[in-house]
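Here the structure comes first, spelled out in structure tokens, and everything after it is commentary.
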Number of protein chains: 2
Amino acid sequence: MSETKIRNMEEFAAVSGISRPTVSKYFNDPDSVRASTRQRIEAALAQYDYRPNIFAINQNRKLTKNVGIVVPFMADPFFIEIARTIEQRCIAMGYRPSLFSAHGDPALEVDILDTLRSLKPAGVLLAPIGRSSDRSEIEKFCRDVPTVLFDSNLNGIGEAFIGSDNFSFVSQTVEYMTRTGEPPSFFEMKTPANPNANKRRDAYIKMMERLGLEPHVIKVKGEGWAFEEIGRQGGHKMFEDGQLKTNAILCSNDRLAIGLLSACYERGVKVGRTPDCALRVASNDGHPFSRFTCPSLTTASHDYESVSNQSVETLFELIESGGRFDTRRERFFPARLILRDSA
Amino acid sequence: MSETKIRNMEEFAAVSGISRPTVSKYFNDPDSVRASTRQRIEAALAQYDYRPNIFAINQNRKLTKNVGIVVPFMADPFFIEIARTIEQRCIAMGYRPSLFSAHGDPALEVDILDTLRSLKPAGVLLAPIGRSSDRSEIEKFCRDVPTVLFDSNLNGIGEAFIGSDNFSFVSQTVEYMTRTGEPPSFFEMKTPANPNANKRRDAYIKMMERLGLEPHVIKVKGEGWAFEEIGRQGGHKMFEDGQLKTNAILCSNDRLAIGLLSACYERGVKVGRTPDCALRVASNDGHPFSRFTCPSLTTASHDYESVSNQSVETLFELIESGGRFDTRRERFFPARLILRDSA
DNA sequence: TAAAAATCTTTACGCGCGATAAAAATGGAC
DNA sequence: GTCCATTTTTATCGCGCGTAAAGATTTTTA
């Protein structure tokens, strides 16, 4: 490592003995120059640690190597799990991912898209907040920037959607619980923040009807993204009001279930599938913490890996197709039922 | 909103009737131009939605408005809680925060610093991975970029450190548990990833000795950041080996405690402070999920708000001081003991 | 109302790199 | 040793904006 500081590509080209345009070509694609040239450049690179100015690069390139990743709520380990995988894969593809969280705030979501627009990203992976998202603003953004939606679908918006098949989630748990005990009631928020919640409720009702059973939906009140607390308070209220007619509950999502289990514990309601238990609780998502609830939570898990991988692959396909698909693509991955102690 | 697209500041200056240098001045500081001029620019801004090219700006400004935020492990809601607050405050100050997670990987941590360096940030808020961090690389980075460390201190590195006072955490819980029952054993990982863990253990031993009690440390094996699973398996092993001599445990951190509580539940060991309970468990951090464990977790919580605010304020003070302090600053905030059902 | 101060316009240059066209050099096959 | 294809060099422009200097204009001060 020499002590002379390289200020720009011109100087680096000089010390490496290669012309600047060739060096520039190298940085855009190391394989586009002759092997011997590449070696000389890389030798110089080892000696003087030079890196092209990222701002100058992005200013001049028509398409940057930036990729935006937007999640609705970062305090949710569920999204982190996916974002982390996506991030790594983007880096492996030679792109620079930037992660943003809307923190459940639709206005912030729009701000993020605005910021993202000015980054001129090659593409964006967006998990919208959902119900309260500003549809028209997102639609406008998607017209400007190649965007793949994931997790929450907004009909017709974006070039593609990658997510989970909500019916597969609910049908597996309903079938399992019904087969091994009583059919479950469905436990959800009155005004869900996320469109998946509605799909899951509808799937529950359809599934119950298909089995010739009467669906029973328990709606708890609460707004925002503090799902655990909403589940806990809703759980207490459910017991107090005697709303529960069965000994089995299927929660709309794991975070709600974590709160419900907390309420059950506080009330001394024993949850599980052993004979001494008063209640069985199952849920959806495969939340990283679901293994550590008391009892451990039976849940229909997202196929995290497939969703992440497919999202990234679809995005890069989109980028290579010039940012547009002929028809909007949708891909839904089935759930994987994880049997644990709670049901 | 007119339909004519503004391509650059030149064109925007034309439609606003103001010269380009003045418009440039406005975007750097709206108050640096005459009120009447500002109004004319903002009128044009409302009509044609123009935004200066971020890459061109950053290329030419000596100091960008970028701020880097680096956390060691994003799947930990604890860091998200802090990062979220910091992020918002940076935006409010007119800066552009970028959030990165090292995902527990020291090599990735170095990569992030490398990426960050090329973003020429005005300053960086860094929570190092800790023990396994590449000290010399971080040190090198801090020489180039004004950096404030938070959460994990690396002695002498960075211009300042903002964190929590580990002794305050442990002393409060030890005092409380001893006063209301038996003195606790200390439950931790054998090779903690984080320097705070060592400080907490030392504080525990010192506190016990101060009270004239014999300290008892239980070290469970496990590497990496899957603290919950390490706590769970370690908990089982602790019971099997009969390592536990007291009826009270203080965990090094909440995530470990979540795993331990899970093990207790699986073994039918009732945790809590009521007479029918076999064990009391307390912990440290104030993890967002600690409210929802079974039983709810008594924990010494970080003062999230103070740590976040002080970190941001220190960083901006640093930036305004030209990136250097005369002497390295350190600030430790005391814990707030949250009494819940587990102890 | 004149002078002083503040602000704006004009002109011009530089930042570091991408992109391109034409000229020159290189290397491999025969 | 010649020829041709490939690669590199040379030269030059443009991206969008920061910034500086000099002169013109407006506002403030006395």
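Protein chains get the first letters and strands the later ones, always in sequence-line order, with residue 1 at the start of each. This one's a predicted model, so the numbers in the text were calculated from it and none came from an experiment.
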Worksheet item: With no hydrogens and no angle check, do the side chains of B/His103 and A/Gln88 hold a donor and an acceptor under 3.5 Å apart?
Response: no

Item to complete: Take atom CD of A/Glu10 and atom C1' of C/dG18, then tell me their distance rounded to the nearest Å.
Response: 13 Å

Fill in: Derivation and outcome, ring-ring contact (aromatic ring centres under 6.0 Å, His included), residues A/Phe78 and A/Phe73
CA-CA 9 Å; A/Phe78 162 81; A/Phe73 197 72; over 10 Å; no

Worksheet item: Between the side chain of B/Asp151 and the main-chain N/O of B/Ala127, is any donor-acceptor distance below 3.5 Å?
Response: no

Worksheet item: What is the distance from CZ of A/Arg7 to P of C/dG16, rounded to the nearest Å?
Response: 8 Å

Discussion item. Between P on C/dC17 and CG on B/Asn60, what's the gap in Å once rounded to a whole number?
Written reply: 13 Å

Practice prompt. Considering only NZ, NE, NH1 and NH2 on the basic side and carboxylate oxygens on the acidic side, decide whether A/Glu159 and A/Arg329 come within less than 4.0 Å.
Written response: no

Practice prompt. For B/Phe12, report the nucleic acid contact type (base, sugar-phosphate, nothing); a contact means any heavy atom under 4.0 Å.
Written response: nothing

Worksheet item: Can you tell me if A/Arg40 uses its side chain to pair, donor with acceptor, with the backbone of A/Gly17 under 3.5 Å?
Response: yes

Worksheet item: Once you build an axis from the first five pairs and another from the last five of the helix from C/dT1-D/dA30 to C/dC30-D/dG1, how far apart in angle are they, to 10 degrees?
Response: 10°

Practice prompt. Take atom CE of B/Met9 and atom P of C/dC15, then tell me their distance rounded to the nearest Å.
Written response: 19 Å

Worksheet item: Is there a residue in residues 23-43 of chain A whose heavy atoms reach under 4.0 Å of DNA chain D, and which residues are they?
Response: A/Val33, A/Arg34, A/Thr37

Response to the item:
The ring pair (Phe, Tyr, Trp, His ring centres under 6.0 Å) partners of B/Phe79 (sequence neighbours excluded) come to none

Fill in: Shortest non-hydrogen separation from A/Ile86 to A/Phe150 and the atoms involved
CD1-CZ, 4.2 Å

Practice prompt. Answer yes or no: is there a donor N or O on one side and an acceptor on the other, between the side chain of A/Thr64 and the main chain of A/Lys120, under 3.5 Å?
Written response: yes

Worksheet entry | Test: A/Glu137 and A/Lys140 ion pair at under 4.0 Å | yes

Discussion item. For B/Asn194 and B/Ser152, which I'm curious about, is there any donor-acceptor pair between the side chains at under 3.5 Å?
Written reply: yes

Worksheet item: For B/Pro21 and B/Arg51, take the nucleotide of DNA chain D holding the closest heavy atom to each; which residue's nucleotide lies nearer the 5' end?
Response: B/Arg51

Practice prompt. Would you kindly give the CD-to-P distance between A/Gln59 and C/dA19, to the nearest whole Å?
Written response: 13 Å

Item to complete: Check the side chains of A/Tyr50 and A/Glu11 for a donor-acceptor pair under 3.5 angstrom, ignoring hydrogens and angles.
Response: no

Worksheet item: Who passes salt bridge (charged side-chain N to carboxylate O under 4.0 Å, His left out) against A/Asp111, sequence neighbours left out?
Response: none

Worksheet item: How close or far is atom C1' of C/dC17 from atom CD of A/Glu11, stated in whole angstroms?
Response: 14 Å

Worksheet item: Between A/Ile18 (CD1) and C/dA25 (C1'), how many Å, whole number?
Response: 13 Å

Discussion item. Regarding B/Glu42 and B/Arg38, does a basic nitrogen lie under 4.0 Å from an acidic carboxylate oxygen?
Written reply: yes

Fill in: Within residues 113-120 of chain B, residues whose heavy atoms come under 4.0 Å of DNA chain D
none

Worksheet, complete the sentence: Students should find that the nucleotides of DNA chain D closing off the region near chain A, any atom under 4.0 angstrom from a heavy atom, are D/dT7 to D/dG16

Worksheet item: Quick one: are B/Thr85 and B/Tyr304 in side-chain contact, heavy atoms under 4.5 Å?
Response: no

